[in-house]
Amino acid sequence: MIERIKNALARCGIALWRINERAEETAELFFVKQQLDTRRSKDVRKYEVTVFRDVENPDGGKPSRGFTSVQLAASMDDGQIERALKDAYYSAQFAANPYFELTDPVQAPLVEKAGELAEAPLAWSAGRMAKALFAADVQEDAFINSAELFVIRSTDRILSSEGTDVSYTDAEVKGEFVAQCREPEDVELYCSFQYRELDEQALSAKAAKALTFVRDRAHAQKVLKSGKYDLVLSGDQVFTILYYYAARSSAPMVYARYSTWKQGENVQGGTSGERLNVTLRAVEPYSAEGIPMADLPLLRDGELLACHGSNRFCRYLGVKPTGDYHNAKMSCPNGTVAFAELKKGPCLWAVDFSDFQMDEMSGHFGGEIRLAYLIDEDGTVTPVTGGSVNGSILEAQKDLAFSTDRYLTADYDGPYAVRLKNISVAGAGE
């Protein structure tokens with residue numbers, strides 16, 4: 001298929017292009033409670049072709065450079081492939097950008113991922129993770145009512161008209177489940193997961209926490225009053241908070257001047273809490289553009305060390321293209337306080353939201369509370385529901401405290417929890 005595409009590009013007179021080929025095998029399991037309902041496997045191959053087109057500048061100088069992408073399938077005949085490429089090339093002239101050099105060519109042998117998840121039979125890995133998921137599902141009043149689990153193994157190849165030809169293998173396990181408690185109120189709690197190794201312990205722990213949380217949600221009271229609280233966030237919400245720093249330092253944000261951050265600048269400002277240390281760890285050897293990826297130190301003691309992004313925007317900024325880190329794992333070594341100490345009252349530990357979000361433009365974060373624990377100074381813990389959180393990382397970053405307890409997912413390796421001071425909370429109680 002690759003040769004068919006390259007021949008079609010030549011016949012269409014398209015000189016600048018990139019081909020991304022992805023072969024993907026998947027084992028899929030679907031459960032109703034603990035009963036396997038459906039087992040499915042897939043083996044697919046996908047092709048994405050990006051074509052570049054230069055448009056003359058009427059004022060002279062370098063031309064504008066436009067590009068667009070098209071999806072192709074092996075089932076298409078040569079005529080269909082050519083028509084799709086011609087349509088994409090025609091469209092590229094209407095998406096012209098300031099001129100930029102294309103990605104530097106790289107040629108290297110296949111990079112193969114090692115480990116059980118990458119090497120063991122997919123069905124075997126799926127079975128092990130399913131067993132880990134349901135290991136904690138032994139309670140009478142709370143249970144997992146449904147689950148979906150996917151084990152994916154892939155091979156990516158990237159070729160370009162400039163001479164790039166690289167490939168690598170990868171593997172991941174991901175899915176979702178719903179925990180339910182029917183008494184005294186029938187409630188459900190949705191959870192998703194994603195790992196790049198067979199981390200059975202992490203999945204079992206996540207399921208156990210979800211069952212505890214959904215039981216407490218069923219008993220939670222609407223007694224939370226509006227006011228300022230020390231807010232404790234944990235798990236995926238910590239990653240959401242910290243991702244603000246990755247987003248604001250991205251080359252597209254800096255180039256468009258949505259972000260004024262500069263390398264070497266203290267972006268955390270003055271603080272009496274922990275100074276931030278963040279690294280973006282490459283989990284794939286190449287970006288989709290064929291740029292070699294490496295671990296990128298992002299923040300050291302609150303100071304911005306690098307901007308990062310795709311080839312085009314890095315070229316515009318005059319920095320070395322790093323590749324897009326949207327699939328990277330954010331690593332944060334911060335953490336000085338045990339979680340039990342971190343959540344000592346008075347504070348509000350919010351564990352589940354209807355939709356917790358961070359606005360990467362303004363730094364505001366928030367969401368509607370589905371379950372939180374109101375912890376009084378004497379240690380009394382009251383499960384509460386209702387109300388919403390509305391805070392600003394630009395204010396909260398002045399006094400951050402992270403737990404020594406760790407949390408690991410496919411895209412995050414860092415403290416399990418963070419404590420933020422004086423966060424506005426709209427309560428649901430009187």
Side-chain angles (χ1 to χ4, degrees), residues 22-46 73 112-156 169-218 235-236 239 283 327 329 351-355 370-371 407-412:
R22 182 176 180 86
E24 189 174 278
E25 297 177 86
T26 308
E28 305 176 356
L29 302 179
F30 301 84
F31 294 87
V32 176
K33 293 187 176 179
Q34 296 192 23
Q35 184 68 38
L36 179 62
D37 182 64
T38 304
R39 182 193 304 269
R40 192 163 61 197
S41 62
K42 294 181 181 178
D43 188 352
V44 298
R45 197 173 294 265
K46 307 172 184 177
E112 295 192 70
K113 182 175 182 176
E116 283 186 316
L117 187 58
E119 299 168 1
L122 297 178
W124 180 82
S125 298
R128 282 185 56 176
M129 292 300 282
K131 183 178 180 180
L133 172 63
F134 290 108
D137 189 12
V138 295
Q139 306 169 27
E140 294 183 2
D141 57 343
F143 58 93
I144 296 175
N145 75 9
S146 60
E148 299 178 2
L149 191 149
F150 308 87
V151 179
I152 303 168
R153 183 178 299 148
S154 59
T155 300
D156 285 85
T169 64
D170 198 5
E172 64 176 346
V173 56
K174 63 181 181 179
E176 57 190 43
F177 63 92
V178 177
Q180 183 176 0
C181 182
R182 290 176 173 165
E183 298 292 342
E185 180 184 356
D186 192 355
V187 296
E188 295 181 340
L189 180 67
Y190 167 84
C191 297
S192 61
F193 57 89
Q194 184 178 12
Y195 307 103
R196 293 185 178 274
E197 304 292 343
L198 284 178
D199 199 335
E200 298 159 273
Q201 183 177 356
L203 183 55
S204 292
K206 189 178 188 74
K209 280 189 174 73
L211 292 168
T212 298
F213 291 159
V214 77
R215 183 193 306 107
D216 290 344
R217 169 63 183 84
D236 295 334
F239 169 73
V283 296
N327 283 332
K329 175 178 286 188
V351 300
D352 187 42
F353 294 84
S354 60
D355 186 18
R370 292 199 66 206
L371 174 65
Y407 184 67
L408 179 65
T409 67
D411 49 19
Y412 177 70

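Position 1 is the first residue of the sequence, and the numbers go up from there.
The pair Arg217-Glu185 meets the salt-bridge criterion, with a side-chain N (NZ, NE, NH1 or NH2) lying under 4.0 Å from an Asp/Glu carboxylate O. In this structure, Glu200 does not pair ionically with Lys131, as no charged nitrogen and carboxylate oxygen lie closer than 4.0 Å. Salt bridge absent: Lys329 and Asp411 never bring a charged side-chain N and a carboxylate O closer than 4.0 Å. Between Lys42 and Glu24 there is no salt bridge, since none of the side-chain N atoms of the basic residue sits less than 4.0 Å from a carboxylate O of the acidic one.
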Inset, instruction - Output, in order, the C-alpha distance, side-chain angles, deciding distance and verdict of salt bridge (charged side-chain N to carboxylate O under 4.0 Å, His left out) for Lys46 and Asp156. - result: CA-CA 10 Å; Lys46 307 172 184 177; Asp156 285 85; over 6 Å; no
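Closest non-hydrogen pair, Phe143 versus Asp137, comes out as CA-OD1, 3.3 Å. When all heavy atoms of Ser204 and Ala135 are compared, the pair lying nearest together is OG-CB, 4.0 Å. Here the closest heavy-atom approach between residue Ala130 and residue Leu29 is recorded as CB-CD1, 4.2 Å. Closest approach of Val283 to Asn327, counting heavy atoms only: CG2-O, 2.9 Å. Across all non-hydrogen atoms, the minimal contact from Thr38 to Leu36 is O-CD1, 3.5 Å.
With Ser192 contributing its side chain and Glu176 its backbone, the two residues share no donor-acceptor pair below 3.5 Å. The backbone N or O of Ala120 sits less than 3.5 Å from a side-chain atom of Arg153, completing a donor-acceptor pair.
Between Asp236 atom CG and Tyr407 atom OH the span is 3.5 Å, to the nearest 0.5 Å.
Side-chain atoms of Arg370 and Ser354 include no donor-acceptor pair closer than 3.5 Å.
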